[in-house]
Structure formats: structure tokens, C-alpha cells
2 protein chains.
Amino acid sequence: MDTFDCLKIENQLCFPLYVVSKEVIRKYQPFLNELDLTYTQYITMLILWENNKLKVKELGEKLFLDSGTLTPLLKKLEIKGYIIRERSKNDERNLMISITQKGKKLKEKAALIPEKVGKCINLSEKDALKLYELLYKVLYNIKEGE
Amino acid sequence: MDTFDCLKIENQLCFPLYVVSKEVIRKYQPFLNELDLTYTQYITMLILWENNKLKVKELGEKLFLDSGTLTPLLKKLEIKGYIIRERSKNDERNLMISITQKGKKLKEKAALIPEKVGKCINLSEKDALKLYELLYKVLYNIKEGE
DNA sequence: TTTAATTAAATTGTATACAATTTAATTATA
DNA sequence: TATAATTAAATTGTATACAATTTAATTAAA
């Protein structure tokens with residue numbers, strides 16, 4: 001056990017976090033291709049399926065993404081016809097994002113995806129719940145300290 | 001409980017995985033700035049501190065990254081003077097990556113980083129171990145099914 | 001009520017990621 | 001051995017991410 005053991009890749013927690021996140025997202029891709037969505041576009045639609053209309057700011061807070069990422073992404077979703085972008089009448093600084101009928105319809109196809117990806121991840125119910133709990137604990141701790 | 005509950009953001013496992021990965025990486029940034037490294041460059045250096053010399057192919061397997069990501073990244077690390085890129089004499093297809101003295105020296109500064117980031121993440125030893133175990137279980141399961 | 005702060009998106013610039021293709025080197029095969 | 005198949009990087013093209021800055025709208029303060 002030396003001073004540098006903390007730098008061994010096998011002792012990192014961040015590394016498997018980073019790799020697993022990417023690999024899980026990669027597993028989504030073939031299914032998302034059928035909906036003409038990227039992963040980031042997909043989680044944006046997840047929020048919009050639960051909230052028909054909201055500000056870019058609110059979307060960013062829910063997704064942990066800033067306008068630098070969302071602005072071009074939302075323009076692409078608008079071109080695909082899944083959402084509408086329009087300035088708020090009350091406050092022109094806010095851009096309101098709302099879902100279209102075509103966007104709502106996507107939800108039916110998307111509903112089949114979580115189970116398919118779940119099979120790839122292949123965790124027991126208990127392990128999945130524990131992982132979920134630990135991830136949100138880390139997220140809470142990180143954000144708490146800011 | 002309806003058909004679409006599986007699409008609620010709160011029921012996703014992938015979403016906190018994606019968010020936590022990004023947020024943890026963001027926590028590294030201020031510390032890594034002092035070493036003039038990005039997070040991806042940092043994990044590349046982690047591998048090189050353990051393996052003085054290896055092929056881009058091997059590096060990619062360890063990091064779960066392909067040449068499209070590594071080629072430009074390694075060129076940047078070479079410009080910074082941390083690594084050397086040279087074709088293998090035996091097989092010119094292979095590009096050998098080796099660490100320089102300057103690159104080795106970075107290790108001393110880097111050794112302070114894991115503890116600092118650990119404080120932000122702030123998990124108990126037990127929770128951290130469990131998270132580690134679950135992440136590698138997922139990684140194994142995903143890769144198994146390919 | 002002008003001017004100063006604040007706020008929300010958009011923009012700019014840099015650095016990944018990765019699928020798909022290309023290039024060059026090596027190996028296997030007819 | 002000449003050709004085909006394989007392999008490893010590099011390249012191309014698209015889509016994030018995010019820090020930092022800019023722009024435009026709104027609100028607060030002198």
C-alpha cells in the first residue's frame with residue numbers, strides 16, 4: 001500500500017461510473033434510432049411527456065444541462081417536429097418548450113424501450129434499487145456541497 | 001400504475017447514472033485544471049502511470065474509448081509533453097504510447113486529487129464499496145451480452 | 001425615470017464520444 | 001507469391017457538454 005494506490009484505476013469510483021454511464025447509453029442507441037432520437041434527446045422527451053410545457057430554464061434544471069447544450073438540441077427536436085419553441089408572452093426572456101401531437105405519439109413506441117435496456121443491464125430488483133438509491137445519494141451530496 | 005410509468009424520469013436508472021457521472025467529472029475539473037488535464041486526459045494518465053508503455057489499442061480497451069476519441073486526445077497530451085507517440089518497430093500499424101519524465105512527475109500532484117473529490121462525493125466506506133460493486137456488475141452484464 | 005443590476009437564451013470556443021469510412025501495414029489464402 | 005482478408009489508427013461527420021461571453025429583456029435602485 002503506497003502513496004499512489006489511490007491513483008490506481010481499480011481504486012477509482014469515478015471511472016466505472018463514467019464507463020457504465022457511456023455503455024448503458026450506447027445500449028439505448030439501437031432502440032432510440034427507431035424513434036430518430038439520441039439519448040440526450042430521449043431524456044428531454046421523458047421530461048416533456050410528463051410536463052407538456054415548460055421553460056428552457058426549468059428543463060435545464062431537471063436534466064442538469066445548460067443552454068449551451070439545450071439550445072441546439074431543442075432546435076433539432078423542433079425540426080423533427082416533436083416540440084415547439086416559442087417565446088413567453090409575459091417575459092420574452094423565457095423560451096417555452098411544448099410538445100406536439102407527433103411528439104406525444106412517440107411515447108407509445110418509447111414505452112417498450114426501458115424493458116429492453118433493462119434486460120441488457122440485467123440487475124436483480126434489489127440491486128437495481130440499491131444502485132438507484134446510491135446514485136441519488138451521491139447526487140444529493142455533491143449538490144449539497146455547492 | 002399505467003403503461004407509461006416506465007417512462008417517468010423518477011423510474012429511470014440510466015438517468016441518475018448519466019447525471020452523476022457528469023457531475024462527479026465536473027467536481028474533478030478545478031483540481032485537474034491545476035495539472036492542465038481534462039477528465040478524459042486524466043484517466044488516460046492513470047493508465048499510463050500504471051503501464052509505462054502500451055498500444056493505443058490496449059489503452060482503448062482499458063478506457064473503453066476508440067481511436068476516434070483517443071487520437072486527438074493523445075496528440076494533445078503529446079503537445080503538453082506528458083507522453084510520446086511513436087510507431088512500433090515490429091508492426092507499424094501499432095502506435096506506442098509512452099510516458100515522459102514530465103508525465104511521471106504529474107503523478108505526485110495528482111495523488112492529492114482522489115481524496116479531495118472523495119470529500120465532495122461524501123459516501124461512507126460501505127456505500128462506496130457497494131456502489132463500486134454494483135457498477136462493475138452492470139459493466140460485466142452489459143459486456144457479457146455482446 | 002434614467003441607470004444599474006439581474007436574468008434567460010444564445011453564442012463562441014474547446015474537448016470529448018462514437019459510428020462509419022479510409023488508409024496503411026500485416027497476415028492468411030488460393 | 002500475388003491477392004484477399006484482417007487489423008490498427010486516423011479521419012470524417014454528427015451530437016453532445018460546458019465554461020465563458022454576449023445579447024436582449026426585465027427588474028431594482030439611485
Side-chain angles (χ1 to χ4, degrees), chain A residues 15 18-33 35-45 54-80 83 85-97 146, chain B residues 15 18-33 35-45 54-80 83 85-97 146:
Chain A
F15 179 68
Y18 161 80
V19 171
V20 170
S21 171
K22 287 192 306 146
E23 295 300 320
V24 169
I25 288 170
R26 195 212 298 277
K27 283 294 177 188
Y28 274 88
Q29 257 332 296
F31 306 121
L32 292 177
N33 285 341
L35 314 196
D36 191 23
L37 292 176
T38 64
Y39 180 74
T40 318
Q41 291 166 10
Y42 168 69
I43 58 174
T44 302
M45 294 305 294
L54 74 183
K55 299 169 192 166
V56 169
K57 179 94 191 301
E58 296 167 323
L59 199 50
E61 283 163 0
K62 287 176 190 292
L63 292 170
F64 293 81
L65 291 171
D66 72 3
S67 67
T69 303
L70 286 175
T71 296
L73 183 147
L74 293 169
K75 285 178 179 172
K76 279 169 205 139
L77 285 178
E78 187 175 44
I79 289 169
K80 293 182 211 274
I83 67 164
R85 297 163 68 249
E86 53 186 347
R87 290 285 162 182
S88 164
K89 295 288 190 305
N90 308 346
D91 187 337
E92 291 265 344
R93 287 173 303 183
N94 294 313
L95 186 72
M96 306 302 298
I97 305 301
E146 280 180 1
Chain B
F15 179 68
Y18 161 79
V19 171
V20 170
S21 170
K22 285 193 307 148
E23 296 299 321
V24 169
I25 288 171
R26 193 211 300 276
K27 283 294 177 188
Y28 273 89
Q29 258 332 295
F31 306 121
L32 292 178
N33 285 341
L35 314 195
D36 191 22
L37 291 177
T38 64
Y39 180 75
T40 318
Q41 290 166 10
Y42 169 69
I43 58 175
T44 302
M45 293 306 292
L54 74 183
K55 300 169 191 166
V56 170
K57 179 91 191 302
E58 295 167 323
L59 199 50
E61 283 163 1
K62 287 176 190 292
L63 293 170
F64 293 81
L65 291 171
D66 71 4
S67 67
T69 302
L70 286 174
T71 295
L73 183 148
L74 293 169
K75 285 179 179 172
K76 280 169 205 140
L77 285 177
E78 188 175 45
I79 288 168
K80 292 182 213 273
I83 67 164
R85 296 161 68 250
E86 53 186 346
R87 291 286 163 181
S88 164
K89 295 288 189 308
N90 307 345
D91 187 338
E92 291 265 342
R93 288 173 303 182
N94 295 314
L95 186 72
M96 305 304 297
I97 305 300
E146 281 178 359

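These numbers come from the heavy atoms of this one structure, side chains and all, not from hydrogens, waters or symmetry mates. Lettering follows sequence order; numbering is per chain, from 1.
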A:I97 has an atom CD1; how far is it from atom P of C:dA8, in whole Å? 15 Å

Options D:dT16, D:dC18, C:dT26, nucleotide nearest the side-chain atoms of B:K22: D:dC18

Could you check whether the side chain of B:S67 and the base of D:dA10 have a donor-acceptor pair of N or O atoms closer than 3.5 Å, going by distance alone? yes

I need the B:R85 CZ to B:I79 CD1 distance, nearest 0.5 Å. 9.0 Å

At less than 4.0 Å, is any side-chain N or O atom of B:R87 found next to OP1 or OP2 of C:dT26? Yes or no. no

Inspect the surroundings of NZ in A:K55 and state if more than 12 heavy atoms from other residues, nucleotides or ligands are less than 6.0 Å away. no

Atom CG of B:L54 and atom C1' of D:dA9: how far apart are they, to the nearest Å? 14 Å

Spacing between B:E86 atom CD and D:dA8 atom P, to the nearest angstrom: 19 Å

Determine the contact category for A:N33: base if any of its heavy atoms lies under 4.0 Å from a base atom, sugar-phosphate if only primed atoms, P, OP1 or OP2 are that close, otherwise nothing. nothing

Side-chain N or O of B:T40 versus OP1/OP2 of C:dT16: is the shortest distance under 4.0 Å? yes

B:K22 atom NZ: more than 12 heavy-atom contacts under 6.0 Å: yes

Could you tell me how far apart B:M96 (CE) and D:dA10 (C1') are, to the nearest whole angstrom? 17 Å

Grab the NZ-C1' distance between A:K27 and C:dA19 for me, whole Å please. 15 Å

Starting at CD1 of B:I83, measure out to CD of B:Q41 and round the result to the nearest 0.5 Å. 9.5 Å

To the nearest 0.5 angstrom, please state how far the CG atom of B:L37 sits from the CE atom of B:M45. 6.5 Å

Across all strands, who's sitting opposite D:dT3 as a Watson-Crick or G-U wobble pair, both distances under 3.5 Å? C:dA28

Looking at C:dA19, I'd like to know if its phosphate oxygens (OP1 or OP2) sit under 4.0 Å from a side-chain N or O belonging to A:R26. yes

Would you tell me if any nitrogen or oxygen in the side chain of A:K76 comes within less than 4.0 Å of OP1 or OP2 on D:dT16? yes

Hey, which of these two, A:Y18 or B:S88, hits DNA chain C nearer its 5' end, going by closest nucleotide? A:Y18

Starting at atom CG of A:L73, determine the distance to atom P of C:dA10, rounded to an integer number of angstrom. 12 Å

Residue closer to the 5' end of DNA chain C, B:T38 versus A:K57 (nearest nucleotide): A:K57

According to a strict under-4.0 Å criterion, is B:R85 in side-chain N/O contact with OP1 or OP2 of D:dA8? no

In the structure shown, which nucleotide is the Watson-Crick or G-U wobble counterpart of C:dA20, with both distances under 3.5 Å? D:dT11

With a non-hydrogen cut-off below 4.0 angstrom, is B:Q29 in contact with a base, only sugar-phosphate, or nothing? nothing

Across the strands shown, which category fits B:D66 at heavy-atom distances under 4.0 angstrom: base, sugar-phosphate, nothing? base

Nearest whole Å is fine: how far is C:dA9 C1' from A:E78 CD? 14 Å

Rounded to whole Å, CZ of B:F64 lies from P of C:dA19 at a distance of 14 Å

Less than 4.0 angstrom between a side-chain N/O of A:T71 and OP1 or OP2 of C:dA10, yes or no? yes

